[in-house]
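The chains referred to below are lettered A, B, ... by the order of the sequence lines, with proteins before strands, and numbering in each begins at 1. Computation of the quantities below employed the complete heavy-atom set of this structure, encompassing side-chain atoms and omitting hydrogens, waters and symmetry-equivalent molecules.
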There are 2 protein chains.
Amino acid sequence: MRNIGRAQAKRSSAWHLVQSVDRALSLLDLLGNGNASWGISEFSRATGLSKAVVFRLVRTLERHGYVMQSEDRRYTLGTKPLELASVVLHRFDVRQIARSTMLDLAERTGESVVLTAPSRDGVICLDTVDSPQQIRVSFRLGRVTPWHAGAAGKLHMAFQPEPLIQQVIARGLPRHTARTVTSKSRLLRDLARIRRDGYAFTVGEFDDGVAAISAAIVDSRKEVIAAVSIGGPAQRFSDERLQGLVKEVQQAAGKISLLLLGSPSTGGPPMSEARVLQNPREVR
Amino acid sequence: MRNIGRAQAKRSSAWHLVQSVDRALSLLDLLGNGNASWGISEFSRATGLSKAVVFRLVRTLERHGYVMQSEDRRYTLGTKPLELASVVLHRFDVRQIARSTMLDLAERTGESVVLTAPSRDGVICLDTVDSPQQIRVSFRLGRVTPWHAGAAGKLHMAFQPEPLIQQVIARGLPRHTARTVTSKSRLLRDLARIRRDGYAFTVGEFDDGVAAISAAIVDSRKEVIAAVSIGGPAQRFSDERLQGLVKEVQQAAGKISLLLLGSPSTGGPPMSEARVLQNPREVR
DNA sequence: AACGGGGTTTCACAATGCGAAACATAGGCC
DNA sequence: GGCCTATGTTTCGCATTGTGAAACCCCGTT
């Protein structure tokens, strides 16, 4: 994690990123991945940049609300990312459409429900509904999980174009738990199985003790644009319950896909703030 | 909206932002506020920067996932802001703590519920629960609304330090609807009243036809760190129902404040992804 | 074929961003 | 208190880095 600027800038002659912007965004990455709060010197050490540079970069980020200084003079993420996220989320209209079905699914299965979409380097969590039970799994909005670990990840991976699949494998399959699939052949077999069965079921591949079932949501062109999944403590996914749960998840995914057809919009209405609206028509 | 770079850079001698970073972030602002998708030339016209500059800035933003290029070669926001937002949200532990009470409040009042916190230039929406009714108001996670308009805005403003209040007024009170409070004296009277009564009630100040009731959530030092509000179509906030609704919102806010005392953590645990957890103990 | 409008690349110039080192401030330790 | 180290902040001369006009490509339209 050293020399983030200089090194990247000259990776190829005609690529030319803007050095200072590249550096600034790398600082944001540090704020997003590592500790919650950083000092200037800490940044400086982590990146190999001089304190003066870091200072002015951070100052600029601060001006725009991306970082903020707490009382103890350390820096943390500001609220601007959240603001932008609101716009990003708004673009995924699956979210609005899926909501009521997700609530229903949580009710029927008693497990937590999560809506995901494929993203740059993994799948990103678009919405969640927490299980009503005392003991439950909690997903995190905006969280990115890797392609190769977990039900949602593998499901989305299964329906990506072949070159991307190969690329992901080529980049390595880091282990997250004892049960993470790290072998290429095993992973490919899993993906084939997912395509055949139309759902993914995993146990503890990304988080120990967490089981999940995932099914694809398709748009009018049969493209997989999202997935619904349920997740919970592994012991609740017993053999007897499993088929029933799978059916529930698949039905939910199918229902959302149908609702998606009903509103062929996609794109962006003028986006008002908090407008009065009606429930999307239920499909039975 | 012209000359965003050059102009800001030399606003004061020792302020020195990093020009290119400043420019890049301004592009993100455009993506967040204006149309959902932009072309290079469009950016160029809107900012007064040369196409070449815009291009390389956008390229750099793209590398880091802040923007992405759609098939039609135009640029939109990428998913990185969402990723960062996940971390930002995680820092507000009120969110976890308030959740169940918010669900309860939505149930009892039949209106949509929203959790907000003071932010740089307004109040930001941290979490929402949609009303179970057919006709309802829908709030947007991450959305920032101005200090002076709406129940949550005015409530938070009322409990801000005096200099900030003056500053907000000095910056002007833009009108959003016919009922927005744009007079300084009227606003100050409203704030005094809110401090006295311990809640804010507004009708159609930010969105036409939307009424809202807001109450403060305080931490162990009695600082107002967040607020719960309910919102719905104005006609449902009749005189007969009003006092009951106010009581509900206040009780919810009080309960959350209490729960907040129970978990004096604040700060950041190692933050696991999707961990098994228990419901926060209910307080009756 | 010529045109207009997009995105992308080139290139020589100098403004811009750089980083070593000096400065300021805060806290810990004896 | 006074020493010390570690932090955040500022200065300043140099040259690296970012700049923008113009040229380039690639479409779709006229």
Student: Anything under 30° is parallel, anything over 60° is perpendicular, the rest tilted; go ahead and classify W38(A) against F43(A).
Tutor: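 Parallel: the ring planes of W38(A) and F43(A) meet at under 30°.
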Student: Between C1' on dG7(C) and CD on E62(B), what's the gap in Å once rounded to a whole number?
Tutor: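 It is 12 Å, rounded to the nearest whole Å.
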Student: If you pin S41(A) and V21(A) to their nearest nucleotides in DNA chain D, which one's is more 5'?
Tutor: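 The residue mapped nearer the 5' terminus is S41(A).
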Student: S70(A) and D72(A): side-chain donor and acceptor closer than 3.5 Å?
Tutor: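 Checked: S70(A)/D72(A) side chains pair up, N/O donor to acceptor below 3.5 Å.
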Student: Whole-Å distance between dG17(C) P and R59(A) CZ?
Tutor: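 One finds 16 Å between P of dG17(C) and CZ of R59(A), rounded.
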Student: Write down the distance between CH2 (W38(A)) and C1' (dG8(D)), rounded to a whole number of angstrom.
Tutor: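 Rounded to whole Å, this separation is 17 Å.
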Student: Under 3.5 Å, is there any donor-acceptor pair linking the side chain of K51(A) to the base of dG8(D)?
Tutor: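 Under the 3.5 Å cut-off, the side chain and the base do form a donor-acceptor pair.
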Student: Is the distance from OP1 or OP2 of dG20(D) to the nearest side-chain N or O of R23(B) less than 4.0 Å?
Tutor: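 For R23(B), the contact criterion (side-chain N or O under 4.0 Å from OP1 or OP2 of dG20(D)) is met.
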Student: Please walk me through it: do D127(A) and R99(A) pass salt bridge (charged side-chain N to carboxylate O under 4.0 Å, His left out)?
Tutor: CA-CA 8 Å; D127(A) 203 359; R99(A) 186 79 199 167; 2.9 Å; yes
Student: What is the distance, rounded to the nearest whole Å, between atom CG of D22(A) and atom C1' of dT17(D)?
Tutor: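 Answer to the nearest Å: 13 Å.
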Student: Contact list please: residues 67-76 of chain B against DNA chain C, heavy atoms, distance less than 4.0 Å, in numerical order.
Tutor: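 By residue number: Q69(B), R73(B), Y75(B).
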Student: Between F43(B) (CZ) and dG6(C) (P), how many Å, whole number?
Tutor: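 These atoms are roughly 14 Å apart.
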Student: With respect to the phosphate group of dT17(D), does any side-chain polar atom (N or O) of S20(B) fall under 4.0 Å of OP1 or OP2?
Tutor: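 The answer is no; no side-chain N or O of S20(B) sits under 4.0 Å from OP1 or OP2.
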Student: Between V18(B), V53(B), T47(B), which is the residue that forms a side chain to side chain contact (heavy atoms under 4.5 Å, CB included) with R23(B)?
Tutor: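 Running side chain to side chain contact (heavy atoms under 4.5 Å, CB included) over V18(B), V53(B), T47(B) with R23(B) returns exactly one hit, V53(B).
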Student: What distance, rounded to whole Å, do you find between the two C1' atoms, one in dG17(C) and one in dC13(C)?
Tutor: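 Looking at atom C1' only, dG17(C) and dC13(C) are 16 Å apart.
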Student: In terms of side-chain heavy atoms of I40(A), which of dC18(C), dG8(D), dA20(C) is nearest?
Tutor: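 So the side chain of I40(A) is nearest to dG8(D).
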Student: Between H148(B) and H176(B), is the gap from one ring center to the other below 6.0 Å?
Tutor: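 Yes - the distance between ring centres of H148(B) and H176(B) falls below the 6.0 Å cut-off.
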Student: Phosphate oxygens OP1/OP2 of dG7(C): is one of them under 4.0 Å from a side-chain N or O of R56(B)?
Tutor: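 Answer no for this pair, as no side-chain N or O of R56(B) is under 4.0 Å from OP1 or OP2.
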Student: So among V123(A), L155(A), V228(A), which one has a side chain to side chain contact (heavy atoms under 4.5 Å, CB included) with S214(A)?
Tutor: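 It is L155(A), the one option of V123(A), L155(A), V228(A) that forms the side chain to side chain contact (heavy atoms under 4.5 Å, CB included) with S214(A).
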Student: Rounded at 0.5 Å granularity, tell me how far NZ in K184(A) sits from CD1 in I169(A).
Tutor: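 Separation between the atoms: 5.5 Å.
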Student: Hey, does the side chain of S50(A) come within less than 4.0 Å of dC18(C)'s phosphate (OP1/OP2), counting only N and O?
Tutor: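 Looking at the OP1 and OP2 atoms of dC18(C), neither is under 4.0 Å from any side-chain N or O of S50(A).
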Student: In whole angstrom, give the distance that lies between atom CD of E42(A) and atom P of dT5(D).
Tutor: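 Going from CD in E42(A) over to P in dT5(D) covers 21 Å.
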Student: Ignoring backbone atoms, test whether Q19(A) places a side-chain nitrogen or oxygen under 4.0 Å from the OP1 or OP2 oxygen of dT16(D).
Tutor: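 Indeed not, no polar side-chain atom of Q19(A) lies that close.
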Student: Nearest whole Å is fine: how far is dG18(D) P from L57(A) CG?
Tutor: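 It is 11 Å, rounded to the nearest whole Å.
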